Structure formats: C-alpha cells, structure tokens
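To start, the structure itself, in structure tokens.
The residues of the chain are indexed from 1 along the displayed sequence. Every value quoted in this text rests on a predicted model; they were computed, and no experiment measured them.
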Amino acid sequence: MRHLIDPLYLSVEETEQILNIADDICENMEKYSNKCDGKILATLFFEPSTRTRLSFESAMMRLGGKVLGFSSASSSSASKGETVADTIRVIGNYVDIVAMRHPNDGAAYRASQYSKKPIINAGDGGHQHPTQTLTDLMTIRRRHGRLDNITIGFCGDLKYGRTVHSLVKALSRYKGNHFVFISPKELEVPRYVIDEYVKKSDCTYEEVTDLSSAMPELDILYMTRVQRERFADIEQYNRLKDSYILSPELLKEAKKEMAILHPLPRVNEITLSVDDDERAKYFEQAGNGVFVRMALILSLLGMGNLDLNAEKDNHDEVVKLDVKCKNRNCITNMEDGTKPVYVKGENGRVRCKFCDEYVD
C-alpha cells in the first residue's frame, strides 16, 4: 500500500506520470467516468476547506466513485477527544482511500502509521500540502512546457505556507531552478526547506524583502496570503497581513509570459484588477486540482496506468532521543501517546519525522 504524505513520497518519474495522466483526463474526461465505480473516498477535514475538499469530492464522483466524510473537527468525534490514530482505524473499515486535512503538523504521517487504506495528505498544519504541489506543477508545466530552468518567486507567508514548502521540495529535484523567497523577516521560509532540499540540489536561491525589485526576473510569481489561523499573536498578524499587495502597477515590470499562481483563498494580497491580466492563472490552477486528484486517486488505488501500490523504502536514519519536539503545533505535542520520531537529515542535523522541526 502507498500513501502520499509528502511530495517526495513520489519519485520524479512517478510525479511526471501522474501529471501525464492528469493532462489526459483534462482532454478526455469521459474516458475516466467509471474507473472508480464501487469505490469510496473519505474526506476527513478537521480544518475548513473549500477548493481542496470539494475538488477531492468532485474528482472521486467524476471517476464514478462515492464520497463520505466531514468538513470540520466539530462535526467529528475529535470534538469528544478521539485521536487521529483511532479515527483512522475506524474510518478504514468504511472506505477504500482517505484524504485528510488537519491543523497539526505531522497528523497525516500519524494517520499513515495506523491506516490500512491509502492516506492522502490534504494539508497538515503549516507543514505540507502535496496534492496542491501536484496541481501547481501541472499548471506550471502547461504554462511553460517544463519544470526545470525556471525562476520562481514565492511571496508572502513563507514560514507557515505549507503549499510553499511542498512546492520548493518538489521543484528542487529539477535542474537549474532559481528560487526567490520574498517575505518579511518574521515570515521567512523555514531553514529545513533550504538546508535539506535547496542546498542539496542543482538549484539556487535568494532571500529578499522587496517584491518590485524581484519582479522582472520571474517566470512564476507564487503569491500567498498571511494566514491569520497560524498566528498566536493577533497583533503580529495585523502588522504583517498587508506586507505585499500585487497590483497592475507592480506587474508593469513583469515578463509577458510570467504566470501568477496562488493556492487560494486570497484576502487582499492580489487586487481584483489583476484578475483580468492574462498572466493571472490562479483560477485555472484551482481547476487543475480536480484532474490531478483524479489521477492520484486512480494511481493509489492501482486502477490507472501507474500502479503505486508498492510502498517505497524509507532510508531515514532514526536517532533515539527522549525529548519533546520543539514545534508546539506538532501532533506529538497535541495527542497523548504520540511519541516523536527523530531522524538524521542529509546535513547531519536531527529533525522530527512528523513535522521536520530541527532538534538543535
């Protein structure tokens, strides 16, 4: 059995094949209309969602399958204190595959430890969002025809932006990409993303605070909102929420072939007047999510041209430590009985396997 908890759970070749299937679905939807007849997807959303949850449900129904689930923790037994481990062991009796979103980092990995059915991480806290990554990759490839030798600017909340973390990890495996991280100091991209992936790749990066100066070099601009739900300090959120606002004036210096992406929802970081610009691809990006999730569901169930039933070997070197994870939002600090697992990264530093927080 295979899960998708992190974008690197898929090899580059498997990623490309899923994108190829998604492209074919986009062009030949009817061909796939009964592929999952008799199959059931559970959408377990402990955190609010519009695009991700509904696109998963649309994907399964377009494949001829059925869907059950919940859209908030308050409408599940989590409100009574049930753990992720117990929830997943129960739900596995009812369905064939699970898409799960949770506010705690590492919750999807925790679920995969107990599940007898494939788990798809639909977002775990501020950590990872691999199906959004596949959606982003499909959109970039359809725009530029490639996933290498691209200059991509990530702008906004790079600290808690799980879509950013996942996409950087995925694009780090392609040659010649250049990352421009644009954020306030307080919202810089986590060091593990740079140390574990960018620095170990054939890619380069820079960190800046000014969007306008970076604009002329970008092939892709990936905007993100400053996420109020990730802030414990509301005053800090209010101070940072309007750090970057993309307007037609800023776009005057951008390349004509640049694409503007955004995982959505937006608040005010992209003005409505930008929507009319040919370079605005965020609504197309949202639409691509259905095709990607259809391709992934088929593949994880072993019903497509790509069979992902065999789990890949995990070569992480486990380090025995009897300490709490430093990340207060890690699932190991939120649920009793969930003990941290520590592994040694390529840089020699020890990190939590659930949330990737460094020990030192």
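Shown here for S172 and F179, the closest heavy-atom pair between the two residues is OG-CE1, 3.7 Å.
Judged purely by distance below 3.5 Å, without hydrogens or angles, the side chains of S55 and R51 never pair a donor atom with an acceptor atom. Side-chain contact, E16 with N20: no donor N or O sits under 3.5 Å from an acceptor N or O.
Every residue two or more places apart in sequence or in another chain that forms a salt bridge (charged side-chain N to carboxylate O under 4.0 Å, His left out) with D360 is listed here: R349. For the side chain to side chain contact (heavy atoms under 4.5 Å, CB included) test, residues two or more places apart in sequence or in another chain that qualify with T204 are H178. Shown here are the salt bridge (charged side-chain N to carboxylate O under 4.0 Å, His left out) partners of E188, two or more places apart in sequence or in another chain: K185. Taking the side-chain hydrogen bond (donor to acceptor under 3.5 Å, both in side chains) definition, one finds that S273 meets it with T271, sequence neighbours left out. Listed by chain and number, the residues in a ring pair (Phe, Tyr, Trp, His ring centres under 6.0 Å) with F70 are F46 (sequence neighbours excluded). Applying the salt bridge (charged side-chain N to carboxylate O under 4.0 Å, His left out) test to D275 and every residue at least two apart in sequence or in another chain returns R266. The side chain to side chain contact (heavy atoms under 4.5 Å, CB included) search around S71 returns R53, not counting sequence neighbours. With sequence neighbours excluded, the residues satisfying side chain to side chain contact (heavy atoms under 4.5 Å, CB included) with D96 are K39, I40, L301. Partners of Q113 under the side chain to side chain contact (heavy atoms under 4.5 Å, CB included) rule, at least two apart in sequence or in another chain, are Y109, R110, F354. Taking the side-chain hydrogen bond (donor to acceptor under 3.5 Å, both in side chains) definition, one finds that T139 meets it with N288, sequence neighbours left out.
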side-chain contact (heavy atoms from CB on, under 4.5 Å) between R2 and E14, intermediate numbers included
CA-CA 12 Å; R2 193 78 166 269; E14 288 168 340; 2.8 Å; yes
Apply side-chain hydrogen bond (donor to acceptor under 3.5 Å, both in side chains) to the pair Y222 and D136, showing each step before the final yes or no.
CA-CA 9 Å; Y222 197 98; D136 299 340; 2.8 Å; yes
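The CD atom of Q285 sits 10.5 Å away from atom CZ of F283, with the distance rounded to the nearest 0.5 Å.
Counting Ile, Leu, Val, Met, Phe, Trp and Tyr side chains that sit under 4.5 Å apart, directly or through other members, L272 stands alone, with no cluster partners.
Tested against H127 for a side-chain hydrogen bond (donor to acceptor under 3.5 Å, both in side chains), the candidates N121, D356, D105 yield a single pass: D356.
Evaluation of the side-chain hydrogen bond (donor to acceptor under 3.5 Å, both in side chains) test over residues 248-257, restricted to residues two or more places apart or in two chains, returns D219-K255, E249-K252.
A 6.0 Å sphere centred on NZ of K117 holds more than 12 heavy atoms belonging to other residues, nucleotides or ligands.
With F56 as the aromatic partner, R293 meets the cation-pi criteria of under 6.0 angstrom to the ring centre and within 45 degrees of the ring axis.
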